[in-house]
There are 4 protein chains.
Amino acid sequence: MKALVYGGPNKKSLEDRPKPVIAAPTDVIVRVTRTTICGTDLHILKGDVATCQPGRILGHEGVGVVETIGPAITAFKPGDHVLVSCISSCGRCEYCRRAMFSHCITGGWILGNTIDGMQAEFVRIPHADTSLYHIPPGLDEASLVMLSDILPTGFECGVLNGRVQPGSTVVIVGAGPVGLAALLTAKFYTPALIIMVDRDKNRLKISKRLGADITVNNSGGKAAEAIMPVTGGRGADTVIEAVGIPATFSLCQDVVAPGGIIANVGVHGLKVDLHLERLWMQNISITTRLVDTVSTPLLIKTVQSGKISPAVLITHHFKLDQMIEAYDTFASAATTKALKVVIEM
Amino acid sequence: MKALVYGGPNKKSLEDRPKPVIAAPTDVIVRVTRTTICGTDLHILKGDVATCQPGRILGHEGVGVVETIGPAITAFKPGDHVLVSCISSCGRCEYCRRAMFSHCITGGWILGNTIDGMQAEFVRIPHADTSLYHIPPGLDEASLVMLSDILPTGFECGVLNGRVQPGSTVVIVGAGPVGLAALLTAKFYTPALIIMVDRDKNRLKISKRLGADITVNNSGGKAAEAIMPVTGGRGADTVIEAVGIPATFSLCQDVVAPGGIIANVGVHGLKVDLHLERLWMQNISITTRLVDTVSTPLLIKTVQSGKISPAVLITHHFKLDQMIEAYDTFASAATTKALKVVIEM
Amino acid sequence: MKALVYGGPNKKSLEDRPKPVIAAPTDVIVRVTRTTICGTDLHILKGDVATCQPGRILGHEGVGVVETIGPAITAFKPGDHVLVSCISSCGRCEYCRRAMFSHCITGGWILGNTIDGMQAEFVRIPHADTSLYHIPPGLDEASLVMLSDILPTGFECGVLNGRVQPGSTVVIVGAGPVGLAALLTAKFYTPALIIMVDRDKNRLKISKRLGADITVNNSGGKAAEAIMPVTGGRGADTVIEAVGIPATFSLCQDVVAPGGIIANVGVHGLKVDLHLERLWMQNISITTRLVDTVSTPLLIKTVQSGKISPAVLITHHFKLDQMIEAYDTFASAATTKALKVVIEM
Amino acid sequence: MKALVYGGPNKKSLEDRPKPVIAAPTDVIVRVTRTTICGTDLHILKGDVATCQPGRILGHEGVGVVETIGPAITAFKPGDHVLVSCISSCGRCEYCRRAMFSHCITGGWILGNTIDGMQAEFVRIPHADTSLYHIPPGLDEASLVMLSDILPTGFECGVLNGRVQPGSTVVIVGAGPVGLAALLTAKFYTPALIIMVDRDKNRLKISKRLGADITVNNSGGKAAEAIMPVTGGRGADTVIEAVGIPATFSLCQDVVAPGGIIANVGVHGLKVDLHLERLWMQNISITTRLVDTVSTPLLIKTVQSGKISPAVLITHHFKLDQMIEAYDTFASAATTKALKVVIEM
């Protein structure tokens, strides 16, 4: 089968690879019908993700059709349309029992990282009974690709951890795909004000279209000065960090209200300064989280009921044999205006 | 001043009464600009509310302008536009410190009940610093009359107690003003499905217009049979009782899902049957609540930000000297199609 | 093997039955080393539990040693000492993913009910990876038999649902084994006052010894009159119903404080009166629950750390061939003063 | 009257000052019977607290007797024995209505900071109805001095924010008075393991006596190496920082488990490093808080019911005219072994 393979820093190729086979009784082989590329895949290609070794098929998002099932599988059968979660969870370890699937002792984020992933014609899914979800009939499957990672990430790490509430004020720093997913799902809770911050004009324009009340261009590094007045000088109840660098985390500390929450979503490569000398008495919380995908059933219901249309995040479509072009398009978002690219098989 | 006075069962009159005066340092006299009539006022007129004695000026909802303030008042000054909460709270008793303002030892629901109320040109508001709210400039004041009682009641007793969540299924039994307030505020949380139940075709039509996904006419007493299939046979996560009779509370027990909540909003005059012989193992909760109006600041923010338009609940407008006609219109809702009637001074 | 078999209403016998075998890949066969008898077993013997048919081996509590494992089992191996949960949970259905294991679609309370149970030399445990718990070395296994059902039931249905808090006032109605388990675990949260209510002098004496601050004998039906004054006339913050009849549920409604919770633990065979005509405005909650055993790992830790000694609930010890005598002793608690009887193999 | 007055960095004196008088209708004058010295008072004396100006009477903890009341006071009368909260709260501003009394717009920590404090014969208490608490008859008043600040601080900022639970693992870094208050109140929730960390042998010995399961001396800076093995390599569920310097906050990050909480209590003068490069995916929370004293009624109940004895934290007693000696004793804790010193009038 064709597969996109990581070859070491700055190397990737579309190769022929053997079709995966059932390796454990709880495995399922899925024929992938649609996948996508994540910002994390670009991190891997830079050599930033030590756990992902050369030779690995990348990709942890997608939908498909069940091809074969292991002998212990009870919830799925060949032919079922399924959403693949970016997080594999055994459902029985200490962490899974606490709904912290991202820390599953034999799972977590392994797809396209420590085991072969979804950017291929077929993929082996371990712990499949607890890592796949049935796709209800009639749903747009391209739209559901957004539910493998990006929507639960924005929702769980940003919106749920940030306890967005009706009437509250929300700042989202970073209008990339995950920041926009946080925007879409923050609206579930009807906050009074959502302020999106980015340096890219196009992404701010999209933010506005997707429901941001106010957009702030932080090119000049003066976002806090724009944000504070519109919050009545108090700051925001929820501040979602969706970039992952010290400067943006610093901005979050400047605009969080007393009693507020900074919900970190960004993947950080460096330590940051925490200004406890002024925050120790501000009654704030800071949260971190690798998505657990506990909200996947909830998100499927909101899509099914028409309350959210994640397809608005899709800007480009490719075929599997255009995978290299898809990567180039996604990696050059500033010029291509790409958000999420969907690859169909 | 003119005032609508309760004269004992089935007796009310528009009378001349002396203008109220400051009686405690924490009082404010408000010149009422708009008020309304509540279902509870009709209960009083039937003689059902023992605490309310003949001679009482009725009314516990409205907006106005601060006329005079007691010497201990710090948050308001003459001329301020204010929303009057139906609940008076001292802010310092054990219950107020736990945000259970409805059980304030020297407050609670006293306006138009144990002290003179808002259906008059002026009203004395005790514990005013903690029972009045500033009206932000530019807001439609008729709309805010809905925030004295009806919106916080639907929201706190129904939606918050019922823990409505994104993707969840909600049944609201009763499409009167409070049930519709629950509908409007349930939508803050983007449930997947809101089912409204009533016996009045007009109210079900309005429910649909205000955002109900499904309406069920319970004239034949078969609502459960219509509801269960659309919930996949499981029942609803949140069931809001907004009528207050044994039959509707019974219906709630028939349609609540395992793990679900029955949030009682209705004012009950009789005991009801609780079917613990089948519910003991269903992991459900039943909640009761007299509105605390703790959510008033939040609700003002949602109105101010345009996220909700409570004016949609207003069907009729009257002047104070048409007060008797206003009562008649409100009391004959089945024929007049009245929801909330607003009385302007 | 020897097994205690239900033979229809009022019939039980100790019989020879074939040793169970693995029937599904997720099964484990456990050699039972200790089991016990539950009040529910007595209900079955009265013919009150329709799901339990003649021929069934009873028992849903116990500890043992893993004998054989199915091919999909990963968390256990032969020879492991294990605690068997009274609730079997698949870990992957909608309810299990929400930690409502008691409503597991293919599990729940099935042991000794719809499948053969623990009052036998061997038992087949379905969904074993998610229904068994490792016993840490050095723990008293008789003590752990209390963790199959009785402690998690008192803790989850009574104490957690009842939100017992430091400084709060707790009433527990019923000082049988489950009521006493609620007492032991309520003390985890250091309430200011725990009041135990029963009609049995011996059980009240034991309650006192196990930490109740006050005991009330309700033989005369006047418990509310004794309770209200010691709560300052307010009532209790948490009221735990651990009997299961209309009279005791009625008492709970008489002694719950505004803002309080009635946490039902009792198994009810009849509907009860709910006095909404006075409770609708009292801001109370009523909760029901079949134990989910989500707290089992937590409870094992509290036993392991010496914070609780569940063995205090054990009054009698028997051998498996004394099973009939064990039942007689347990069923005649008023005269034998039995709480929990442990049967060793 | 005699009073301890701050005279600028490193200057304090016992002076004669005029007795305070009612300045606002909501004031109460309290005759102080017992007060104490806080670590924050030492910070003021170093010149670290810019809001506190020379000439200020210090002290924000104590008990006393109501001397005179302002005209708007309704909850207290002359002669009442009262506990003074270190936090003054108006009960009606936006923050007070959210129970964030520490951020009260006209209150917060002002006593002995921006207004004259308790280390004097008399003190003026603003917002007295919502800042004083009745002392139940029969309670040891010296013990209650611990409830002005230190116990609610350890409890709210450490234990409540840190969500200590039955069966959980708790690390408390810093065994000074506030760290020990966190220890005493953590035990309310029956965690399986409490590990205290300090560099002072005496304080670790006291920690053990007050209920720590394990003590770790961090003189060599190797505390993490001692802590991790006893948590099974996972780290602690709750880590309470009760020192306030970068090194101890760094230790907290080293020993927090995935899914755990770092609850900051310490007063920090410098920014700290936050290692998001490894914590971003650890699903942790970090909380900060200036004590709100919302838990004061709860804490009084636990003292009243004998569940906690805060007097164990008192090591020295002085008279008001020994105030300078009291400060010296408290400031030289390493040699005097002082925890809390109580000053009687």
Side-chain angles (χ1 to χ4, degrees), chain A residues 133-134 136-137 139 144 147 151-152 154-156 158-160 162-170 181-195 211-214 230-232 234 236-238 257 259 293-310, chain B residues 133-134 136-137 139 144 147 151-152 154-156 158-160 162-170 181-195 211-214 230-232 234 236-238 257 259 293-310:
Chain A
Y133 294 88
H134 286 283
L139 286 206
L144 283 185
L147 266 64
L151 252 83
F155 183 55
E156 295 177 12
V159 174
L160 287 183
R163 279 180 247 153
V164 175
Q165 292 299 323
S168 72
T169 301
V170 179
L183 167 61
L184 288 176
T185 55
K187 285 157 57 71
F188 286 166
Y189 294 93
T190 320
L193 190 66
I194 304 179
I195 303 168
D213 297 288
I214 294 176
V230 295
T231 68
R234 290 173 52 251
D237 303 305
T238 299
T293 66
V294 287
S295 64
T296 306
L298 179 163
L299 290 168
I300 292 174
K301 284 181 196 164
T302 61
V303 173
Q304 196 177 2
S305 65
K307 300 295 191 272
I308 189 175
S309 301
Chain B
Y133 294 88
H134 286 284
L139 286 206
L144 283 185
L147 266 64
L151 253 83
F155 183 55
E156 295 178 12
V159 174
L160 287 183
R163 279 180 248 154
V164 175
Q165 292 299 323
S168 72
T169 301
V170 180
L183 167 61
L184 288 176
T185 55
K187 285 158 57 70
F188 286 165
Y189 293 93
T190 319
L193 190 66
I194 304 180
I195 302 168
D213 297 288
I214 294 176
V230 295
T231 67
R234 289 173 53 250
D237 303 305
T238 298
T293 66
V294 287
S295 64
T296 306
L298 178 163
L299 290 169
I300 292 174
K301 283 180 196 165
T302 61
V303 173
Q304 196 178 3
S305 66
K307 300 295 191 270
I308 190 175
S309 300

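Everything numeric here is computed off the predicted structure, so don't read it as measured data. In the text below, chain A, chain B and the rest are named by the order of the sequence lines, each starting its count at 1. We use all heavy atoms of the structure for the numbers below, so side chains are in, but hydrogens, waters and symmetry mates are not.
The most heavy-atom pairs under 4.5 Å with chain B, out of Gly167(A), Pro166(A), Ser168(A), come from Pro166(A). Ranked by heavy-atom pairs under 4.5 Å with chain A, the first of Lys187(B), Lys307(B), Gln165(B) is Lys307(B).
Heavy-atom minimum distance, Thr190(A) versus Thr302(B): O-CG2, 4.5 Å. In terms of heavy-atom proximity, Ser305(B) sits nearest to Ala192(A) at CB-O, 3.4 Å.
Atom OH of Tyr189(A) and atom CZ of Phe188(B) lie 14.5 Å apart (nearest 0.5 Å). One finds the NZ atom of Lys301(A) at 6.0 Å from the OG1 atom of Thr169(B) (value rounded to the nearest 0.5 Å).
Within the 4.5 angstrom heavy-atom criterion, no atom of Gln304(B) approaches chain A. In this structure, chain A has a heavy atom under 4.5 Å from the backbone of Pro191(B), while its side chain stays farther away.
For Arg163(B), the CZ atom is loosely surrounded, since the number of other residues' heavy atoms within 6.0 Å does not exceed 12.
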